[in-house]
Peer 1: 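Got a structure for you, written out below as structure tokens; questions coming shortly.
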Number of protein chains: 2
Amino acid sequence: MAESNKENTENKILNAAKAIFQSKGMDGSRMQEIADKAGINKALLHYYYRSKQVLFEAVFSNAFSLIAPQLNKILDSDLDLFDKIRGFAKNYISFISKHPYLPNFVINELHRNPGFILKLKEKKEFPNFEKFTNQINEYVEKGLIRPIAPEQLFLNLISLNLFPIVGSPLFKLLLNLDDITYKKLIEDRKTEVAEFIIHSIKIK
Amino acid sequence: MAESNKENTENKILNAAKAIFQSKGMDGSRMQEIADKAGINKALLHYYYRSKQVLFEAVFSNAFSLIAPQLNKILDSDLDLFDKIRGFAKNYISFISKHPYLPNFVINELHRNPGFILKLKEKKEFPNFEKFTNQINEYVEKGLIRPIAPEQLFLNLISLNLFPIVGSPLFKLLLNLDDITYKKLIEDRKTEVAEFIIHSIKIK
DNA sequence: GTCTATAGCCAGATAGAC
DNA sequence: GTCTATCTGGCTATAGAC
């Protein structure tokens with residue numbers, strides 16, 4: 001029970017740590033709780049990861065590395081701009097609905113520990129905006145869309161897709177909606193958001 | 001040095017607690033740090049607020065009660081819909097730029113402690129959507145804007161305005177922009193966002 | 001590799017003098 | 001009201017047996 005079990009335990013730890021850290025953050029998480037969730041004890045947790053900090057960084061780094069490829073998959077594709085926007089809304093909302101803590105987790109921890117920013121800048125892959133930027137400028141020149149800064153369009157695209165999910169507890173409260181009604185609202189956005197953006201930029 | 005100083009100390013405590021809690025959250029904040037920032041010691045802090053939890057709830061409740069009136073001020077005004085959207089973008093981005101931690105703080109703590117949701121539902125004032133909803137439906141009927149669910153327009157309005165500020169560390173990293181360039185991008189949004197929305201819904 | 005037991009520290013809370 | 005000193009509990013981390 002050596003090698004294969006080691007893999008097994010390590011995976012159990014990472015999954016447990018991911019669940020706990022992503023929902024409670026670094027400060028709100030307890031090593032004991034992670035150990036319990038992984039079905040082991042604290043000492044073994046420290047045997048695999050010397051410290052809470054090290055374990056946390058493994059989880060954070062992993063979480064962050066999910067984001068960029070997911071963005072690239074669409075931004076960097078060969079689709080027509082309007083289909084790209086439609087595909088992004090449809091896929092990204094599904095993706096984030098499955099990992100609803102991810103964006104807030106990353107934002108919080110980047111803020112809590114700005115040191116991460118430098119670390120990430122060194123090693124990680126970032127989304128490649130060149131194709132997306134070129135495409136937008138090209139569409140503007142051809143008179144297919146009205147002039148807009150690619151960065152602004154990107155901010156709009158992400159904000160419209162992510163924030164209603166990230167901020168769902170707040171929105172539910174403000175709009176006074178129950179879970180089911182709100183979920184339906186989000187489901188509708190898989191098409192709504194794309195149409196909203198396309199209506200805004202497309203020249204008829 | 002009784003009454004007047006009590007007010008004074010209590011204010012110093014609340015301001016210090018607000019600053020610490022809103023940037024570090026409940027779990028990441030230390031009573032010692034709040035005491036230091038208020039220029040007093042821990043014992044006095046506990047004299048005014050029996051426990052960390054009580055102090056935190058005072059700060060949270062106060063933070064939340066800033067949000068609704070700020071929304072109402074515009075949603076519930078007598079402005080033309082398009083001016084309302086323009087006014088919202090201009091004012092709300094300024095407001096949030098001054099309190100950048102507020103939305104995330106509220107979202108995180110609502111998630112961390114869902115008990116707050118019930119408490120808030122009991123006592124707090126919420127934004128009044130009736131006027132806004134009626135106005136949208138009226139504009140749709142008159143053929144001034146294309147059909148859109150008022151809730152979706154609300155989500156779009158808030159998301160476009162808030163998320164680029166809430167998620168600034170993430171966006172700076174993804175777009176690889178320095179603080180000054182990003183700040184300029186946000187500044188531009190005070191007019192960009194409104195035009196983006198109006199282009200999307202207005203029938204020419 | 002995995003466990004039990006415990007060291008050592010840190011933070012919230014209180015006692016009690018002034 | 002405000003302070004110094006201290007209690008108490010909980011949490012990270014390690015020692016050491018199996």
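Letters go in sequence order (proteins before strands), and every chain restarts at 1.
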Peer 1: A:Asn8 has an atom CG; how far is it from atom C1' of C:dT2, in whole Å?
Peer 2: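 Interatomic distance, CG of A:Asn8 to C1' of C:dT2: 14 Å.
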
Peer 1: Taking the minimum atom-to-atom distance to the side chain of B:Met31, which one of C:dA13, D:dT2, D:dT12 wins?
Peer 2: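 In terms of side-chain proximity for B:Met31, the closest of C:dA13, D:dT2, D:dT12 is C:dA13.
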
Peer 1: The side chain of B:Leu44 is closest to which nucleotide in this list: C:dT2, D:dT14, D:dG1?
Peer 2: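 Of the options given, the side chain of B:Leu44 lies nearest D:dG1.
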
Peer 1: Taking A:Leu157's backbone N and O only, do any of them form a donor-acceptor pair with A:Asn161's side chain (distance below 3.5 Å, no angle check)?
Peer 2: yes

Peer 1: Using heavy-atom distances to pick each residue's nearest nucleotide on DNA chain D, tell me which of B:Lys42 and B:Gly39 is more 5'.
Peer 2: B:Gly39

Peer 1: Between C1' on C:dT2 and OH on A:Tyr48, what's the gap in Å once rounded to a whole number?
Peer 2: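 Interatomic distance, OH of A:Tyr48 to C1' of C:dT2: 9 Å.
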
Peer 1: For the side chain of A:Tyr47, starting at C-beta, report the closest nucleotide among C:dT14, D:dT14, C:dT2.
Peer 2: C:dT2

Peer 1: What is the distance from CD1 of B:Ile40 to P of C:dA13, rounded to the nearest Å?
Peer 2: 14 Å

Peer 1: Would you indicate, yes or no, if C:dC10 has its OP1 or OP2 atom less than 4.0 angstrom from a side-chain nitrogen or oxygen of B:Arg30?
Peer 2: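 For C:dC10, neither OP1 nor OP2 has a side-chain N or O of B:Arg30 closer than 4.0 Å.
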
Peer 1: Specify the separation, in whole Å, of atom NE2 of A:His46 and atom C1' of D:dG16.
Peer 2: 16 Å

Peer 1: Please tell me whether B:Phe60 and B:Phe21 form a close aromatic pair, meaning their ring centres lie under 6.0 Å apart.
Peer 2: no

Peer 1: Would you mind reading off the distance between B:Gln32 atom CD and C:dC9 atom P, rounded to a whole angstrom?
Peer 2: 18 Å

Peer 1: Does B:Glu187 come within less than 4.0 Å of B:Lys190, counting only side-chain N to carboxylate O?
Peer 2: yes

Peer 1: Between the side chain of B:Tyr139 and the main-chain N/O of B:Leu81, is any donor-acceptor distance below 3.5 Å?
Peer 2: yes

Peer 1: Could you work out which one of D:dA13, C:dA13, D:dT12 sits closest to the side chain of B:Ser51?
Peer 2: C:dA13

Peer 1: Side chain of B:Ala43 only, please: which of C:dG12, C:dC3, C:dT14 is the nearest?
Peer 2: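 For B:Ala43, the side-chain atoms sit closest to C:dT14.
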
Peer 1: May I have the distance from B:Met26 (atom CE) to C:dG12 (atom C1'), rounded to whole angstrom?
Peer 2: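 It works out to 10 Å between those atoms.
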
Peer 1: Can you see if the side chain of B:Thr9 gets near the phosphate of D:dT2 - specifically, an N or O under 4.0 Å from OP1 or OP2?
Peer 2: yes

Peer 1: Mind telling me whether B:Phe95 and B:Tyr92 have parallel, tilted or perpendicular rings, with 30° and 60° as the class edges?
Peer 2: tilted

Peer 1: Rounded to whole angstrom units, what separation is found between the CD1 atom of A:Ile34 and the P atom of D:dC11?
Peer 2: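 Nearest whole value for this atom pair: 12 Å.
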
Peer 1: Give a yes/no answer on whether the side chain of A:Asn41 brings an N or O atom under 4.0 Å of OP1 or OP2 in C:dT2.
Peer 2: no

Peer 1: Please report the distance, rounded to the nearest Å, between CG in B:Asp27 and P in C:dC10.
Peer 2: 19 Å

Peer 1: Closest to the B:Lys52 side chain: C:dA13, C:dC3, D:dG1?
Peer 2: C:dA13

